[in-house]
Amino acid sequence: MKELSDTALNLVARRFKALSEPIRLQLVMAVMAGEKSVGELVELSGAHQANVSRHLHTLADAGLLKRRKEGLHVFYSIADSTIFDLCELVCGSVEDYLKTQVDAFG
């Protein structure tokens, strides 16, 4: 892996930080299934609209989601398709880790 500048490291850290909240992961996973309106994401998450909007803004600022406005409605979709690979990689890694923990008690 090549060496990264301080600026690049900050950008990478910002992206990981954007994914560090469970509700943000829930929102990303919901949008991975297809574009969703803020209202749909509020309903799916069970969180308040202001809270969901704040988290969506963070994800969009990190370059993970993109927003589209249609009249009074705002829709979110995946902006960076590498999020699919990242989620598969991390979820698989967590699954493997949990299996080893279960096996240790088996």
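This chain uses plain numbering: 1 for the first residue, then up along the sequence. Remember, predicted model here, so these are calculated numbers, not experimental data.
Between the OG1 atom in Thr82 and the CZ atom in Phe84 there is a gap of 9.5 Å [rounded to 0.5 Å]. Expressed to the nearest 0.5 Å, how far NZ of Lys66 lies from OH of Tyr76 amounts to 13.0 Å. Interatomic distance, Phe16 CZ to Leu86 CG, rounded to the nearest 0.5 Å: 6.0 Å.
The cluster map of Ile, Leu, Val, Met, Phe, Trp and Tyr, joined by side-chain heavy atoms under 4.5 Å apart, puts Val90 and Leu19 in the same cluster. In the hydrophobic clustering of ILVMFWY residues, with side-chain heavy atoms under 4.5 Å counting as a link, Leu25 and Val38 come out together. No continuous path of hydrophobic side-chain contacts links Phe75 to Ile78 [ILVMFWY only; heavy atoms under 4.5 Å]. No continuous path of ILVMFWY side-chain contacts below 4.5 Å connects Val12 to Ile83, so the two sit in separate hydrophobic clusters.
In this structure, the salt bridge (charged side-chain N to carboxylate O under 4.0 Å, His left out) partners of Glu95, at least two apart in sequence or on a different chain, are Lys99. By the side-chain contact (heavy atoms from CB on, under 4.5 Å) test, Tyr97 pairs with Thr100, Gln101, sequence neighbours left out.
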Could you tabulate the donor-acceptor pairs under 3.5 Å formed by side-chain atoms of residues 54-62, not counting sequence neighbours?
{"unit_1": "Arg54", "atom_1": "NH2", "unit_2": "Asn51", "atom_2": "OD1", "d": "2.6"}
{"unit_1": "His55", "atom_1": "ND1", "unit_2": "Arg24", "atom_2": "NE", "d": "2.9"}
{"unit_1": "His55", "atom_1": "NE2", "unit_2": "Asn51", "atom_2": "OD1", "d": "3.2"}
{"unit_1": "His57", "atom_1": "ND1", "unit_2": "Arg67", "atom_2": "NH1", "d": "3.4"}
{"unit_1": "His57", "atom_1": "NE2", "unit_2": "Asp61", "atom_2": "OD2", "d": "3.0"}
{"unit_1": "Thr58", "atom_1": "OG1", "unit_2": "Arg54", "atom_2": "O", "d": "3.2"}

Throw together a table of side-chain donor-acceptor distances under 3.5 angstrom for residues 27-36, partners on residues two or more places apart or in other chains.
{"unit_1": "Glu35", "atom_1": "OE1", "unit_2": "Arg68", "atom_2": "NH2", "d": "2.7"}
{"unit_1": "Glu35", "atom_1": "OE2", "unit_2": "Arg68", "atom_2": "NE", "d": "3.0"}
{"unit_1": "Glu35", "atom_1": "OE2", "unit_2": "Arg68", "atom_2": "NH2", "d": "3.4"}
{"unit_1": "Lys36", "atom_1": "NZ", "unit_2": "Ala30", "atom_2": "O", "d": "3.3"}
{"unit_1": "Lys36", "atom_1": "NZ", "unit_2": "Gly34", "atom_2": "O", "d": "3.2"}

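Listed by first and then second residue, the side-chain hydrogen bond (donor to acceptor under 3.5 Å, both in side chains) pairs that reach into residues 8-19 are Arg15-Asp80, sequence neighbours excluded. For residues 39-49, the side-chain hydrogen bond (donor to acceptor under 3.5 Å, both in side chains) pairs, not counting sequence neighbours, are Ser37-Glu40, Gln49-Ser53.
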